Amino acid sequence: KPKTKITIITRMPSTCVQETSLLIISISFSIWSILLNLNKPCVDQDLCDELCLIDVMEEKLKGEVMDLQHGSLFCKTHKIVGDKDYSTTAHSKVVVITAGARQQEGESRLNLVQRNVNIFKFIIPQIVKYSPNAILLVVSNPVDILTYVAWKLSGFPRHRVIGSGTNLDSGRFRHLMGEKLHLHPSSCHGWIIGEHGDSSVPVWSGVNVAGVSLKGLNPHMGTDADKEDWKHLHKMVVDGAYEVIKLKGYTSWAIGMSVADLVESILKNLHKVHPVSTLVQGMHGVKDEVFLSVPCVLGNSGLTDVIHMTLKPEEEKQLINSAETLWGVQKDLTL
Amino acid sequence: MNPRGVTSTTYRIVFTLWIMSSVMQKLITPMASGPAEPPRNKVTVVGVGMVGMACAVSILLRDLADELALVDVMEDKLKGEMMDLQHGSLFLKTSKIVADKDYAVTANSRIVVVTAGVRQQEGESRLNLVQRNVNIFKHIIPQIVKYSPNCTLIVVSNPVDVLTYVTWKLSGLPKHRVIGSGTNLDSARFRFLMAERLGVHATSFNGWVLGEHGDTSVPVWSGVSVAGVNLQKLNPQFGLDGDKEDWKATHKEVVDSAYEVIKLKGYTNWAIGLSVADLTESIIKNMSRIHPVSTMVKDMYGIGEEVFLSLPCVLNSNGVGSVINMTLTDAEVGQLKKSADTLWGIQKDLKDI
């Protein structure tokens, strides 16, 4: 029985559309980032001893697995397997779900919903059957709704169903902030919470460098009156995904690295705080059963705690609006 | 309250200036002035196809470079890939990622990885790609050398041994600065497949595949060992046709596996990306590790022509510091010579190099 096994669900059953061939590519890159990241020399051997890929396109899957295996000399993940049969996923510690139809150029994330719900109805029960104690990490879009779907379909407790959420949005924001200030992104602190997508919420009051609140230096930050137009940074984050899709067809590297970051915190029991999608009913005035990104503590039992941010009334209002939008879509889903 | 000696007008001007200055000016007090330091470990990847991006990502995730440059002719794809990598910069330690179709962006590179070129089609042998890729290289190589005259070139495009020769000729660089990814990958596949049979990790299985990257690569059976135990001494038929355990079949699997992966997923990229990062690490960190890479082998093993074949090379910040003189059997030397002849047969007919 492997000590720590990660399963990555890359695909969906044949009821789904042609995007699948492109989907594989993007997923493989995600897998790749995860695999390599976990291989870093400073990582102790116990991190991930088995990697399993699941897909319905058998030949493509086999080719990907072989290509990864051929790199074994340079890696420390000793077993890499792939199959369309879910029994290969048994005893997984973390299951990363990237399966689903991909956003087309110009398509919003909410349009993908029902297509992806049908896929999840096939996938989730199989995962649960073979890895009843796994932590589910949902990446497929629209991630907040699909994390809710995964939670409902799996019957798992809320701390074991996590959505990749705004971990990537925050990463993009911090990168842009770093470019503007000529600093490394890890020294630029800023949190984007709420819905992963067009209505994500940048918490301007928390944006800081070395503890210096930038809004304290520029009280107009984040508003339309701001001469430096910091609000544009958030717009660039929202538009960033669409732009990359338009240029190269899909996004892969950044999301892969951000997922690897989350998996690392879980498997190494780091108790690091990440903005990920969790059940926020009862927080910040949200009444519905929806998943939105807030700062959460990740460890080896999953999402152990939520950090309660001090939000301005406008920011809370935005969260409540997102929640209502998401609930508006969720209540009509057939699960 | 007015500090003594400061008029209220001055105070008002200073206060107004404070409001008007940007967040950056208020936040940060500069210490060092003057132009930014040039990068010390810049890596350029030419070609942002599947192989090029796999190399780029492997290098980024191993924290090998302080600057990464990407070059290609397809501008949208190039920009999209650059942006996607930049969006991950929070998780990386490579502070500058740039891309352009103009080679000026590659200036001051320590290592340039060349993956540009057309890809092997299903069933196509590597040697058939040649003249197509030579024409592309005639455009690329002089530009690289113009902007990074002191770099080490790693050629990945196939057929790698011929194209490393072409690159060497077009660049005018000394032979120790031009290497081909060669059989680094074949050896990795060999070690993985052989190690699987024994239930050990590939790193604990020592074996070398040399010569031409591809169909006629040479597994040095006499050098195969685990924990210092020479496997040919345990099984004198090791690697030969009469071998009951048919270890030779494993080498055939190595040769076929590239074609098989291409047939299954359309191309190979992960393993080659990892293997290139491995070579890059040895060079950038001046490690003097030994890798089977393609180098100029004229006057070795009785080879008379200027061809590139893979031999165990010591890689450090000079590029190929030295070559290990491996003890080969007559049959193995014969295979190397035969490869050299085949390669020269193609090279002598190449135009415009």
Side-chain angles (χ1 to χ4, degrees), chain A residues 24-25 28-29 32-33 35-37 39-41 59-64 66-75 78 168 170-172 174-175 178-182 184-186 209 212 214 217-218 221 227-228 230 240 243-249 251-258 260-261, chain B residues 20 22-24 26-28 48 50 53-54 56-58 60-63 75-81 83-93 95 185 187-189 191-193 195-196 201-203 205 257-258 260-275 277-278:
Chain A
I24 269 298
I25 298 175
S28 302
F29 295 164
W32 175 242
S33 299
L35 186 66
L36 249 205
N37 203 320
N39 174 53
K40 275 200 239 153
E59 295 213 328
K60 178 74 170 155
L61 176 66
K62 184 172 177 205
E64 293 289 356
M66 279 179 73
D67 203 4
L68 289 171
Q69 286 173 337
H70 290 166
S72 290
L73 175 63
F74 314 109
C75 289
H78 97 274
L168 176 56
S170 300
R172 285 184 176 130
R174 295 170 70 180
H175 156 71
E179 295 252 289
K180 201 169 163 92
L181 298 172
H182 304 301
H184 192 269
S186 61
V209 173
V212 180
L214 298 198
L217 298 180
N218 174 0
M221 181 176 273
K227 282 199 239 349
E228 290 180 63
W230 280 84
E243 201 186 343
V244 175
I245 291 173
K246 188 165 143 232
L247 292 168
K248 68 174 246 196
T251 83
S252 55
W253 306 126
I255 180 64
M257 291 184 220
S258 100
D261 186 46
Chain B
M20 281 172 58
S22 66
V23 162
M24 187 154 153
K26 289 181 204 170
L27 178 70
I28 298 176
V48 296
M50 295 302 183
M53 288 316 293
V57 172
S58 302
L60 284 175
L61 290 176
R62 290 208 144 97
D63 298 340
E75 295 180 78
D76 276 359
K77 170 92 168 139
L78 179 66
K79 186 175 176 199
E81 292 289 3
M83 282 178 72
D84 204 4
L85 291 179
Q86 286 175 338
H87 288 169
S89 59
L90 172 61
F91 313 108
L92 297 173
K93 292 192 168 69
S95 60
L185 178 54
S187 299
R189 285 180 176 136
R191 292 171 71 181
F192 164 69
L193 291 169
E196 276 236 306
H201 192 269
T203 47
F205 186 95
S257 58
E260 200 184 346
V261 175
I262 291 173
K263 190 167 138 228
L264 291 169
K265 70 176 241 193
Y267 53 89
T268 84
N269 66 332
W270 301 132
I272 182 65
L274 274 170
S275 98
D278 189 48

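Not measured: the values here are computed from a predicted model. Every chain is numbered from 1, with letters handed out A, B, ... down the list of sequences.
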Student: So which part of B:S187 gets closer than 4.5 Å to some heavy atom of chain A, the side chain, the backbone, both or neither?
Tutor: neither
Student: Before accepting this row, confirm whether a basic side-chain N of the pair A:E64/A:K60 lies closer than 4.0 Å to the acidic partner's carboxylate O.
Tutor: yes
Student: Which atom pair, heavy atoms only, marks the closest approach of B:L264 to A:E59?
Tutor: CB-O, 3.2 Å
Student: Tell me the closest heavy-atom pair linking B:R62 and A:F74, and the distance in Å.
Tutor: NH2-O, 2.8 Å
Student: Identify the two heavy atoms, one from B:L274 and one from A:C75, that lie closest to each other, and give their separation to 0.1 Å.
Tutor: CD1-SG, 3.7 Å
Student: Using a cut-off of under 4.5 Å on heavy-atom pairs, state which of A:H70, A:R174, A:Q69, A:H184 scores highest against chain B.
Tutor: A:H70
Student: Can you tell which part of A:K180 gets under 4.5 Å to a heavy atom of chain B, answering side chain, backbone, both or neither?
Tutor: backbone
Student: Chain A heavy atoms under 4.5 Å from B:L78: which part of the residue, side chain, backbone, both or neither?
Tutor: neither
Student: Is there a side-chain contact between A:L214 and A:L181 (heavy atoms, below 4.5 Å)?
Tutor: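 They are in side-chain contact.
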Student: Please classify the contact of B:L27 with chain A as side chain, backbone, both or neither, using a heavy-atom distance under 4.5 Å.
Tutor: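 Looking at B:L27, backbone and side chain both touch chain A.
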Student: What residue, out of B:L60, B:I272, B:L92, B:V48, has the most heavy-atom pairs lying under 4.5 Å from chain A?
Tutor: B:L92
